A.B. asks: 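Dumping the structure here so I can ask a few things about it.
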Amino acid sequence: MNLNIKLIEKAEKNHCLSEEELISILKDDSINNILFEAADRIRKKYVGDEVHLRGIIEFSNICRRDCLYCGLRKSNTNIKRYRLMPYEIIDLAHKAAGYGYKSIVLQSGEDLYYTVDIMKHIISNIKKLGVAVTLSLGEKTFEEYKAYKESGADRYLMRIETTDKKLYEELDPRMTHEERKRCLRDLKHLGYEVGTGNLVGLPNQSIESLANDILFFKEIDADMIGLGPFIPNEDTPLKDYKVDNFEISIKVMALVRLLLPDANIPATTAMESLNRNGRVIALSSGANVVMPNITEGEYRKLYAIYPGKICVNETPNQCWNCITGKISSIGRTVSKELGCREKRNMA
Ligand code: 5AD
Ligand code: FES
């Protein structure tokens with residue numbers, strides 16, 4: 001039998017793979033379906049058939065950073081910038097809770113307009129709805145993270161993007177890998193459920209470094225791991241780097257499920273942007289979360305991190321109906337719970 005099939009069988013039992021073993025599986029495309037099926041079984045065994053929906057509000061596309069891959073980078077002058085007022089953000093969260101969302105994600109570029117006091121006001125008002133609140137606001141100080149936590153924030157998402165320090169620092173000018181890791185440590189320390197993840201298929205990203213990304217998620221015991229394909233954006237320096245990263249993203253995600261069986265893993269929007277059935281494929285290969293966009297109007301188009309983003313012309317209500325339909329069509333159910341990570345015994 002193919003050695004990699006044996007490795008997948010082993011990982012299905014003990015949830016461990018070494019760097020070499022991960023590399024061997026990542027390089028072998030003949031076993032992809034076997035890997036996806038194993039990840040699907042582990043997902044079912046540890047986190048069940050329920051899919052958690054997190055409604056995401058993209059409340060500002062203004063960013064002080066200049067990441068080479070991202071359309072929101074500050075050097076991009078081809079994009080119309082916007083920023084939602086606190087009452088508009090709270091109003092969107094209200095509507096989302098009305099559709100049935102139990103969890104709201106607040107995401108933005110690193111926009112310094114939103115002071116700690118403004119964020120505290122937004123978070124504490126949204127918490128009154130009885131939903132879980134997740135923040136994805138980028139790098140902040142320990143004190144800032146602490147203040148958000150004290151106003152009720154439950155979770156924080158910050159992708160490490162890549163564990164290849166050299167590549168990270170080339171792609172994220174004036175940012176350091178150390179600082180990124182400091183943020184993740186602080187967030188854990190403060191008692192947040194911590195989400196991280198990576199971009200798959202970046203220029204000069206090696207298979208070895210993808211294996212190390214997976215091991216990093218396990219090492220920090222991430223509660224959520226959101227990852228997706230890198231999609232070149234015309235308005236960035238990486239515009240000419242054309243590759244199809246869909247399948248390899250699903251592979252990395254399936255391996256993450258094998259190694260972190262009880263984590264929350266989203267079927268990401270970027271996956272669906274490359275493959276019209278991308279989220280259903282991801283949900284059948286280890287994922288148990290979807291994060292539909294609940295921003296309204298033209299802002300959906302303007303939050304243009306990468307091209308071809310799905311759902312830019314839909315309303316939050318249409319997305320709710322669309323995604324719940326897709327979830328039932330594959331025999332899964334929409335969770336009515338907050339969807340916290342429940343740590344399981346790995347036996
Ligand atoms: N393609 C896909 N995902 C991207 N992100 C940034 N730029 C791109 C791109 N060109 C991801 C980053 C970031 C998240 C909000 O969006 O991983 O953490
Ligand atoms: Fe938005 Fe399907 S989830 S249109």
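We number each residue from 1, following the sequence as shown. Model, not experiment: these values are computed from the prediction. All ligand and atom numbering here is 1-based and tracks the order in the structure.
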A.B. asks: Does ligand 1 come near enough to Glu161 that some N or O of the ligand is less than 3.5 Å from an N or O of the residue?
C.D. replies: yes

A.B. asks: Would you compute the distance between atom CD1 of Ile79 and atom NZ of Lys301 and round it to the nearest 0.5 angstrom?
C.D. replies: 13.0 Å

A.B. asks: Would one find an N or O of Gln107, backbone or side chain, under 3.5 Å from an N or O of ligand 1?
C.D. replies: no

A.B. asks: Check for me whether Lys140 meets the cation-pi criterion with Tyr148, that is, NZ or CZ under 6.0 Å from the six-membered ring centre and within 45 degrees of the ring axis.
C.D. replies: no

A.B. asks: To the nearest 0.1 Å, how far is atom 11 (C) of ligand 1 from its closest protein heavy atom, and which atom is that?
C.D. replies: Arg159 NH1, 3.6 Å

A.B. asks: To check your reading of the model: name the closest protein heavy atom to atom 1 (N) of ligand 1, its residue, and the distance in Å.
C.D. replies: Ile231 N, 2.9 Å

A.B. asks: Below a 4.0 angstrom heavy-atom separation, can you tell me which part of Leu199, side chain or backbone, both or neither, approaches ligand 1?
C.D. replies: side chain

A.B. asks: Under 3.5 Å, is there a donor-acceptor pair linking the side chains of Glu50 and Asn288?
C.D. replies: no

A.B. asks: Which atoms of ligand 1 are found less than 4.0 Å from any heavy atom of Tyr306?
C.D. replies: 1 (N), 2 (C), 3 (N), 9 (C), 10 (N)

A.B. asks: How long is the span from the CD1 atom in Ile104 to the CD1 atom in Ile294, to the nearest 0.5 Å?
C.D. replies: 4.0 Å

A.B. asks: After noting the C-alpha distance and the side-chain angles of Asp223 and Arg155, does the key distance pass the salt bridge (charged side-chain N to carboxylate O under 4.0 Å, His left out) rule?
C.D. replies: CA-CA 9 Å; Asp223 301 302; Arg155 308 178 182 141; over 6 Å; no

A.B. asks: Starting from atom 6 (C) of ligand 1, what is the nearest protein heavy atom, named by residue and atom, and what distance separates them?
C.D. replies: Ile305 CG2, 3.2 Å

A.B. asks: Listing by chain and number, what protein N/O/S atoms are under 2.8 Å from atom 1 (Fe) of ligand 2?
C.D. replies: Cys311 SG, Cys319 SG

A.B. asks: With a 4.0 Å cut-off on heavy atoms, is Asn233 touching ligand 1?
C.D. replies: no

A.B. asks: Quick check on Pro229 - does any of its heavy atoms sit under 4.0 Å from an atom of ligand 1?
C.D. replies: yes

A.B. asks: Can you find a side-chain donor-acceptor pair between Glu272 and Thr269 that sits under 3.5 Å?
C.D. replies: no

A.B. asks: Please enumerate all residues that pass side chain to side chain contact (heavy atoms under 4.5 Å, CB included) together with Arg300, with sequence neighbours excluded.
C.D. replies: Asn293, Thr295, Cys311, Glu314, Pro316, Cys319

A.B. asks: Compute the ring centroids of Phe230 and Tyr69, then answer whether they are less than 6.0 Å apart.
C.D. replies: no

A.B. asks: Give the contacting part of Arg279 toward ligand 2: side chain, backbone, both or neither, where contact means a heavy-atom distance below 4.0 Å.
C.D. replies: side chain

A.B. asks: Does any non-hydrogen side-chain atom of Leu157 lie less than 4.5 Å from one of Thr196?
C.D. replies: no

A.B. asks: Using the side-chain hydrogen bond (donor to acceptor under 3.5 Å, both in side chains) rule, pick out the option among Glu58, Lys309, Gln107 that qualifies with Tyr303.
C.D. replies: Gln107

A.B. asks: Ring centres under 6.0 Å, that's the criterion: do Tyr114 and His121 meet it?
C.D. replies: no

